[in-house]
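This is a predicted model, so every value here is computed, not measured.
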Amino acid sequence: MTQEEKAAGKALTRLQRQGGIAIWLAIGLPLISGALLVWQASSLANVIGRAIEGGEALDALLPTVILILVLLVLRAGISALGDWLGTLASEKIKQNLRDALFSSLLARSPRRQDQPPSGAAVSAVVDQVEALDGFFARYLPASGQAALLPLVFGAIILPLDWVAGLLFLVSAPLIPLFMALVGWGAQAATDRQAQALTRLSGRFADRLRGLLTLKLFGREAAETAGIVSASEALRRRTLKVLAIAFLSSAVLRVFRGARRCRRRPLSWPHLHRFPAPALFAADAGAGAVPAPHGARGL
């Protein structure tokens, strides 16, 4: 792990604290839903066993069936509440981060050598901050659920059938491993696309500022053609990123299907940091945050 990745991880941790109790509830509710899922699956297995093996009547099974439906509705409500809390925390974090970025921009002299271009600043404040929504609203709750629930399921199954439990515990970590393997290519493509978007934003904003000068020297047509060419290149690069993302999803589905077949008999974000040394300095010793690659040399 590079120093920039470590700095990004620490910055994300500090930002997570700004989400308040909503972010912790959004992380904890999926775990509660997973516990209810275990109860629901146990009740469903009980109903099926009593109906097929015991031949019990519907009247005797009705209370358990109602319990299963109640658990299903309860899990759906918990899931909706967790999504809402995750979105609420994400919006709060993004608002605080944008306020910090604006304050940093206003406090910096426009004549400083490391002052970012206006296009790069706009991209950081709008696009790159907005990209944090998926991390805080969806990734964090899902990561806790994916890390703990397989272990819980394996611990429950292990006393009942040690072979099934052992296979479950061995195969469960393969999904994150395959996610990391297929995600490397997508991350590299996404980084290049984000850098290209930052450069294009800076170029477009600079051309708008100098539009009068370009018209006086008769260069508006050439610059317009350059903007169109850069936009087309960005479009192609975006399509390549989407192709890699869809391919990664297909690969994960294949591995997940293979994992299910094995047990069928049983049952980063990439954070583009803004060049504001005091941005994340709320904690003692936070230090400066390095500038994004796309904002250098523009």
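- Proximity of a side-chain donor or acceptor of Ser79 to a complementary backbone N or O of Arg75 within less than 3.5 Å is not detected.
- A heavy-atom distance below 4.5 Å is found between the side chains of Phe136 and Leu15.
- Among pairs with a residue in residues 37-55, those fulfilling salt bridge (charged side-chain N to carboxylate O under 4.0 Å, His left out) read Arg50-Glu56, at least two apart in sequence or across chains.
- Between Leu29 and Ile32 there is a side-chain heavy-atom pair separated by less than 4.5 Å.
- With a 6.0 Å radius and a threshold of 12 heavy atoms from other residues, nucleotides or ligands, Ile21 has its CD1 atom at or below the threshold.
- By the criterion of side-chain heavy atoms lying less than 4.5 angstrom apart, applied directly or through intervening Ile, Leu, Val, Met, Phe, Trp or Tyr residues, Val129 is grouped together with Phe102 in one hydrophobic cluster.
- Of the inter-residue distances, the one linking Leu97 atom CG with Gln128 atom CD reads 10.0 Å to the nearest 0.5 angstrom.
- The two residues Pro141 and Ala26 make their nearest non-hydrogen contact at CB-O, 3.3 Å.
- Between Arg138 and Asp133, at least one side-chain N (NZ, or NE/NH1/NH2) sits under 4.0 Å from a carboxylate O, which counts as a salt bridge.
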Evaluation steps, side-chain contact (heavy atoms from CB on, under 4.5 Å), between Trp162 and Ile157
CA-CA 7 Å; Trp162 70 270; Ile157 296 175; over 6 Å; no
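- Taking CG of Leu37 as the reference point, atom CG of Leu71 lies at 9.5 Å (rounded to 0.5 Å).
- Here Arg219 contributes atom CZ and Thr213 contributes atom OG1; the two are 13.0 Å apart, rounded to the nearest 0.5 Å.
- The shortest distance between side-chain heavy atoms of Ile48 and Leu44 falls below 4.5 Å.
- Under a 4.5 Å side-chain heavy-atom criterion applied to ILVMFWY residues, the cluster that includes Ile66 comprises Leu62, Val70 as well.
- A distance of 11.0 Å separates CG of Leu31 from CG of Leu36, quoted to the nearest 0.5 Å.
- Both Ile78 and Trp84 belong to a single network of hydrophobic side chains, linked directly or stepwise wherever heavy atoms of I, L, V, M, F, W or Y lie under 4.5 Å apart.
- Here CZ of Phe135 is found 4.5 Å from CG of Leu140. Values are rounded to the nearest 0.5 Å.
- Side-chain contact between Leu85 and Trp24: absent, with no pair of heavy atoms (C-beta onward) separated by less than 4.5 Å.
- Between the OG atom in Ser90 and the CD atom in Gln95 there is a gap of 11.5 Å [rounded to 0.5 Å].
- In terms of heavy atoms, Val125 sits closest to Arg98 at O-NE, 2.8 Å.
- Under the 4.5 Å side-chain contact rule for hydrophobic residues, Leu25 and Leu88 share a cluster.
- Using a distance-only test at 3.5 Å, with no hydrogens or angles considered, no donor-acceptor pair links the side chain of Ser42 to the main chain of Val38.
- A donor-acceptor distance shorter than 3.5 angstrom exists from the side chain of Ser103 to the backbone of Asp99, with no hydrogens or angles considered.
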Exercise. Could you walk me through whether Val228 and Glu223 pass the side-chain contact (heavy atoms from CB on, under 4.5 Å) test, one step at a time?
Key: CA-CA 9 Å; Val228 171; Glu223 291 300 329; over 6 Å; no
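- Side-chain N or O atoms of Ser229 include none that pairs as donor or acceptor with a backbone N or O of Ala225 at under 3.5 Å.
- Counting heavy atoms from C-beta on, the side chains of Gln18 and Lys94 never come closer than 4.5 Å.
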